[in-house]
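Before any comments, here is the structure.
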There are 4 protein chains.
Amino acid sequence: MDITIKLKSGTSIPNDRLIIAGPCAVESYEQLLMIAKFIKSKGANVLRGGAYKPRTSPYSFQGMKEEGLEVFKSVKKEVGIPIVTELMDARDLDKIYDVADIIQIGSRNMHNFSLLTEVGKQDKPVLLKRGMSATIKEWINAAEYIAVEGNTNIIMCERGIRTYNDYTRNTLDLAAVPIIKKETGLPVIVDPSHGTGIKELVKPMSLASFAAGADGIMVEVHPEPEKALSDGPQSLTFDEFEDVVESLNK
Amino acid sequence: MDITIKLKSGTSIPNDRLIIAGPCAVESYEQLLMIAKFIKSKGANVLRGGAYKPRTSPYSFQGMKEEGLEVFKSVKKEVGIPIVTELMDARDLDKIYDVADIIQIGSRNMHNFSLLTEVGKQDKPVLLKRGMSATIKEWINAAEYIAVEGNTNIIMCERGIRTYNDYTRNTLDLAAVPIIKKETGLPVIVDPSHGTGIKELVKPMSLASFAAGADGIMVEVHPEPEKALSDGPQSLTFDEFEDVVESLNK
Amino acid sequence: MDITIKLKSGTSIPNDRLIIAGPCAVESYEQLLMIAKFIKSKGANVLRGGAYKPRTSPYSFQGMKEEGLEVFKSVKKEVGIPIVTELMDARDLDKIYDVADIIQIGSRNMHNFSLLTEVGKQDKPVLLKRGMSATIKEWINAAEYIAVEGNTNIIMCERGIRTYNDYTRNTLDLAAVPIIKKETGLPVIVDPSHGTGIKELVKPMSLASFAAGADGIMVEVHPEPEKALSDGPQSLTFDEFEDVVESLNK
Amino acid sequence: MDITIKLKSGTSIPNDRLIIAGPCAVESYEQLLMIAKFIKSKGANVLRGGAYKPRTSPYSFQGMKEEGLEVFKSVKKEVGIPIVTELMDARDLDKIYDVADIIQIGSRNMHNFSLLTEVGKQDKPVLLKRGMSATIKEWINAAEYIAVEGNTNIIMCERGIRTYNDYTRNTLDLAAVPIIKKETGLPVIVDPSHGTGIKELVKPMSLASFAAGADGIMVEVHPEPEKALSDGPQSLTFDEFEDVVESLNK
């Protein structure tokens, strides 16, 4: 299967598979630069990272915001890798548009219909994460909110749903991969980092995602996961990321 | 128990219980006027209704929007009843603020942190519905996002959570009532219309809500539920609403 | 509403409501006697307690088994109160039948169809707890397995369903009360002890259960909950039980 | 990875992977014979089929029972393939033991502790399906109930858990595969037929299962799924089964 994500720049991501990697949150220029260089050298084709972070508590780190976007710009210039970052508020659209090659709609906003409508009017790809308790139908309808405005450049991202199954952070629903492909024809990627919340599960779930027909994965990578400002337990070290990519190459 | 919801107008809702009623969506001036007069005459103290409607599909009726707000203004003037209506987009805040006595944050936006922050800066009460799969902690954290900005005039609304239990639209979690009261001290109301999706269950669940310690209920009322543009099956007729209120009075 | 549970002895429980109380597990003759006397004096009309306990781990206390049944017999003789206890294995039927006035089928066995068939052939009432993730339809079908064998003397017991909502042990589904009554015509009781797992919630949920139309409640009572061999955190002390009953009487 | 399931006969299943296939229910000698020959010729190493069927409604087909076991015996003799079939009631143990090479404990009985104890005393492998809403810990504890009696010849079978996600019959939790392998060291297989309820999903989910580290799969195969007495929509035709096996071989 060959998917092509057309970027605004005229270029495209011409790979047979999408490997999106990066930290949960942008923490500093040095951090992002080091990660970007490393993941690119190992075959990742998109850099992820949150400048604006939706956190359950208002007292948690909320991201570097505008400053984080500036970091993204510098790193992108230096490393030359497309960027995906999350839009949480329609009023931030111009700022996000300015730096992101792919605009992410996070799980908590999958039902934020005015935000969906707004990205539907843009000429950049949208990465649409599944809502934390969204049914297949609701997720497809969210994509429809984007598409109806004219933007059909949508990447669907399975990231697990919430259940009583408490060993993992969420229950990764890999059956959604062939279902969404069949029902929408859109590219589908999987986020095993959020989908499980446990870094040891990222490799087997990445392999399983591709076996189920996924077009890509999105994983969290951090040079020192134990010092990450968010999502440390599910972030891969550099060595672990390399190991995941090598397993996929086999 | 005596709760007082202080309104911006200087008045307050000095009742021992809150009965919020009205249609799912504002459909016309005549409709809303008729409903407002009726529910007020039966003891309701707040009129509810959606001008902007968050609908799963972009092809469903999305509400009368600005026109619906105008209808609200006229009806409010004529009948003299406070109004609660939903804010879905921070950019609509001025318009909603202008007509609403209580600003509603719907289930789908309980995790929309920028919207929560925005209503946290207002001087009007906020009705915060529980997210469709929110844990107690997440729901309290959402209230915290509002309170941290200075607005502690928050009414918590239990409206059922999503489960595999498919007889009802959602699973109404009445244990949340005493839990939220204990954990936050905030007034708690229950929406048995969305919580069950079945109008025959509105009466027993309203009685159970008050028995569990709720400060109020929010129910959908429509003169002709079978013709409602949304949520017909869970809307009470006028006679049914009267019956619910009379049961509560006993 | 007036429900009558006909007992094998020819007598019946002629109350307008069923209050079933007792320890999670029978722990000793002294314990059960003290509890039985107390709860009877406060208005309970059935004594509950487990002789055989279904425990998640094989290393947890599994109940006093035959010895527990002997304790039941002695206490029943001395105090004169009907007994409900759980049957976990069809091969124990004779022993359970010998002492129980009401045979309980627990949540974990709601789908144990051969056990249901067996109690369907008995001439004693069956208390059928809802399965931990049973839909309404499956629960009714389980009752049907009993009824089809001839025994329609069935009491349905809502005890909460499993969800991601982790503040409480289960999510008590009180809407099930009017639904089951309408769909089956059978008496319905609620177990707020297992339904919430938190003793402070037993009182508001008991009140809410009756308000929703329940015919009774089943609660755990222990003289020293902190020393209980199982389910301590959800067991009421004697004072707390008295308070619940007094609240119901108002 | 190389797993070996030791059979009572002294032989073992020396394959690098377990492929268990067969009809949901045994329907006739001719049916089972045809299926057994076919699946064996394509590489399946165990024949599955229900003689006793746990059905939600007492009015549904309950299996051929003893007659079904006779059919199994004849087919086994003729085709020479080990058999797995479900034990639902401890009182049927001798009959099931007589014909089954592997004794299955179904989802609905994962919490039937007296049944687990019983198979724990046997000298034949046990296939333990995950309960329909079992957590990882509960499932492992169920295995512990078997192992503590001396039988550690246990095969764990992930078959999906119950969620609100209604496109599929259950939500297949493939992350459970590496988790159970790590936590218990036991062989783990996946049942994508029950896990999804949709035959088109059996192939991608089978591939994903092995990619996640599973030791085998268990799938439903029927010569004419549309005429199957149960689970038709999730049963593979012969051609579809062949296609699944060929994909696995690549």
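Every chain is numbered from 1, with letters handed out A, B, ... down the list of sequences. In what follows, every heavy atom counts, from backbone to side chain, and hydrogens, waters and symmetry copies are set aside.
The residue from A:E220, A:E200, A:K199 that alone fulfils the side chain to side chain donor-acceptor pair (under 3.5 Å) condition with A:Q234 is A:E220.
For D:T168, the part sitting under 4.5 Å from any heavy atom of chain A is the side chain, from C-beta outward, and nothing else. Residue A:S133 touches chain D through both its backbone and its side chain, counting heavy-atom pairs closer than 4.5 Å. Looking at A:K203, neither its backbone nor its side chain comes within 4.5 Å of chain D, counting heavy atoms on both sides.
By number of non-hydrogen pairs under 4.5 angstrom with chain A, the leading residue of D:P178, D:S209, D:S206 is D:P178. Between chain D and the options A:L201, A:D173, A:I161, the largest number of non-hydrogen pairs under 4.5 Å is found for A:I161. For the options A:P192, A:G160, A:A212, heavy-atom pairs under 4.5 Å to chain D are most numerous at A:A212. Highest contact tally toward chain A, considering only D:A211, D:A176, D:G195, D:A134, is held by D:A211 [criterion: heavy-atom pairs under 4.5 Å]. By number of non-hydrogen pairs under 4.5 angstrom with chain A, the leading residue of D:L207, D:I179, D:I198 is D:I179. The residue among A:V177, A:L172, A:L174 with the most heavy atom pairs within less than 4.5 Å of chain D is A:L174.
Applying the salt bridge (Lys or Arg N to Asp or Glu O under 4.0 Å) rule to D:R55 yields no partners; only residues at least two apart in sequence or on another chain are considered.
Applying the salt bridge (Lys or Arg N to Asp or Glu O under 4.0 Å) definition to pairs two or more places apart or across chains, none involves residues 103-113 of chain A.
One finds a salt bridge joining A:D231 and A:R169 here, because a Lys/Arg side-chain nitrogen approaches an Asp/Glu carboxylate oxygen to under 4.0 Å. Under a 4.0 Å N-O distance rule, the pair D:E246/D:K42 does not qualify as a salt bridge. Between A:K129 and A:D191 there is a salt bridge, with a side-chain nitrogen of the basic residue lying less than 4.0 Å from a carboxylate oxygen of the acidic one.
No donor-acceptor pair closer than 3.5 Å links the side chain of A:E242 to the backbone N or O of A:F238.
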